[in-house]
S.K.: 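Can you read through this structure? Questions will come right after.
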Amino acid sequence: MLDDSKPIFIQIKEQLEDSILNGSIQIGERVPSTNEFAQHHKINPATAGKGINQLVDEGILFKKRGVGMFVTETALEILLDKRKQQFFDAYIIPLKQEASKLHIPKEEIIRMLKEEE
């Protein structure tokens with residue numbers, strides 16, 4: 001389901017990334033076309049194409065002329081690396097900054113994380 005929280009083409013891109021990460025779309029598998037996305041979400045095909053083309057630029061999808069877009073052999077590795085970096089930037093850095101302000105040592109953060117398990 002698309003929403004207004006971010007641009008639609010980014011949401012299309014992230015949906016495909018999530019499907020690859022969770023295994024619902026496999027390496028080598030064909031992904032829905034821009035027209036299929038457009039029809040399903042009732043959006044302009046150019047909008048869907050923008051998200052899909054970014055995945056091609058990132059080496060996650062490749063085009064077979066006249067057949068469609070497919071998941072590359074290295075897609076999962078690329079996505080995991082990218083998402084881990086995003087996780088680090090969005091969560092670990094702010095966590096360390098806040099812990100520093102509160103004078104929480106690294107060992108206590110580790111203990112807190114283990115407690116949560």
Side-chain angles (χ1 to χ4, degrees):
M1 183 56 107
L2 301 176
D3 59 47
D4 294 335
S5 66
K6 57 180 93 170
I8 293 172
F9 75 93
I10 296 289
Q11 293 179 65
I12 297 290
K13 179 183 175 195
E14 289 175 349
Q15 280 181 2
L16 282 168
E17 289 176 345
D18 289 346
S19 294
I20 293 166
L21 286 168
N22 71 24
S24 61
I25 297 178
Q26 300 288 314
I27 300 298
E29 189 174 334
R30 182 185 166 279
V31 299
S33 70
T34 55
N35 288 332
E36 289 168 333
F37 270 113
Q39 205 168 28
H40 181 263
H41 294 293
K42 298 185 181 17
I43 59 172
N44 186 317
T47 302
K50 189 172 180 182
I52 290 171
N53 287 332
Q54 284 188 354
L55 292 172
V56 171
D57 292 343
E58 293 175 19
I60 294 164
L61 299 179
F62 69 96
K63 182 184 288 190
K64 283 187 184 176
R65 195 166 193 82
V67 183
M69 296 286 191
F70 294 82
V71 180
T72 66
E73 292 290 323
T74 56
L76 189 56
E77 183 181 336
I78 291 168
L79 286 172
L80 285 172
D81 288 345
K82 180 175 117 175
R83 292 284 182 97
K84 283 178 185 177
Q85 186 61 53
Q86 289 173 340
F87 177 82
F88 182 81
D89 294 343
Y91 299 101
I92 302 302
I93 290 174
L95 172 79
K96 288 176 73 177
Q97 290 170 340
E98 188 66 17
S100 177
K101 285 184 218 171
L102 300 172
H103 306 287
I104 300 172
K106 179 172 62 174
E107 296 75 23
E108 190 170 346
I109 295 170
I110 291 168
R111 183 189 56 74
M112 289 175 179
L113 288 170
K114 286 181 178 178
E115 264 180 27
E116 186 56 31
E117 293 174 356

S.K.: Nearest 0.5 Å, please: how far is CG in Leu21 from CG in Leu80?
M.R.: 5.5 Å
S.K.: Could you list the residues that satisfy side-chain contact (heavy atoms from CB on, under 4.5 Å) with Ile10, not counting sequence neighbours?
M.R.: Lys6, Pro7, Glu14, Gln54
S.K.: Apart from Phe70 itself, what residues make up its hydrophobic cluster when side-chain heavy atoms of I, L, V, M, F, W and Y under 4.5 Å apart count as a link, directly or indirectly?
M.R.: Phe62, Val67
S.K.: Could you tabulate the donor-acceptor pairs under 3.5 Å formed by side-chain atoms of residues 107-115, not counting sequence neighbours?
M.R.:
| unit_1 | atom_1 | unit_2 | atom_2 | d |
| --- | --- | --- | --- | --- |
| Arg111 | NH1 | Glu115 | OE2 | 2.4 |

S.K.: State plainly whether one hydrophobic cluster holds both Phe88 and Leu95, where clusters connect Ile, Leu, Val, Met, Phe, Trp and Tyr through side-chain heavy atoms under 4.5 angstrom apart.
M.R.: no
S.K.: In chain order, what residues pass the side-chain hydrogen bond (donor to acceptor under 3.5 Å, both in side chains) check against Lys106, with sequence neighbours excluded?
M.R.: none
S.K.: Atom CD of Gln11 and atom NE2 of His41: how far apart are they, to the nearest 0.5 Å?
M.R.: 9.0 Å
S.K.: State which residues pass side-chain contact (heavy atoms from CB on, under 4.5 Å) with Thr74; sequence neighbours excluded, sorted by chain then number.
M.R.: Thr72, Ile78
S.K.: Please list, chain by chain and in numerical order, all residues satisfying side-chain hydrogen bond (donor to acceptor under 3.5 Å, both in side chains) with Lys63, sequence neighbours excluded.
M.R.: none
S.K.: Between Leu61 and Phe37, is there shared hydrophobic-cluster membership here, with clusters defined by ILVMFWY side-chain heavy atoms closer than 4.5 Å?
M.R.: yes
S.K.: Can Leu55 be reached from Val71 by stepping across I, L, V, M, F, W or Y side chains whose heavy atoms are under 4.5 Å apart?
M.R.: yes
S.K.: Please identify each residue that fulfils side-chain contact (heavy atoms from CB on, under 4.5 Å) with Glu98, with sequence neighbours left out.
M.R.: Lys101, Leu102
S.K.: Rounded to the nearest 0.5 Å, how far apart are CE of Met69 and CG of Asn53?
M.R.: 5.5 Å
S.K.: Taking side-chain hydrogen bond (donor to acceptor under 3.5 Å, both in side chains) as the definition, give me every residue that meets it alongside Asp18, ordered by chain and number, with sequence neighbours left out.
M.R.: Arg83
S.K.: Could you list the residues that satisfy side-chain contact (heavy atoms from CB on, under 4.5 Å) with Pro94, not counting sequence neighbours?
M.R.: none
S.K.: Pairs under 3.5 angstrom only: tabulate donor-acceptor contacts from the side chains of residues 43-52 to other protein residues two or more places apart or in another chain.
M.R.:
| unit_1 | atom_1 | unit_2 | atom_2 | d |
| --- | --- | --- | --- | --- |
| Asn44 | OD1 | Ala46 | N | 2.7 |

S.K.: Name each donor-acceptor pair under 3.5 Å that joins a side chain in residues 23-32 to protein atoms two or more places apart or in another chain, with its distance.
M.R.:
| unit_1 | atom_1 | unit_2 | atom_2 | d |
| --- | --- | --- | --- | --- |
| Ser24 | OG | Ser19 | O | 3.3 |
| Ser24 | OG | Asn22 | OD1 | 2.9 |
| Gln26 | NE2 | Gly23 | O | 2.5 |
| Glu29 | OE1 | Gln26 | N | 2.9 |
| Arg30 | NH2 | Glu36 | OE1 | 3.3 |

S.K.: Restricting to pairs with a member in residues 91-117, which pass ring-ring contact (aromatic ring centres under 6.0 Å, His included), not counting sequence neighbours?
M.R.: Phe87-Tyr91
S.K.: For the residue pair Gln85 and Asp89, confirm or rule out a side-chain donor-acceptor distance under 3.5 Å.
M.R.: yes
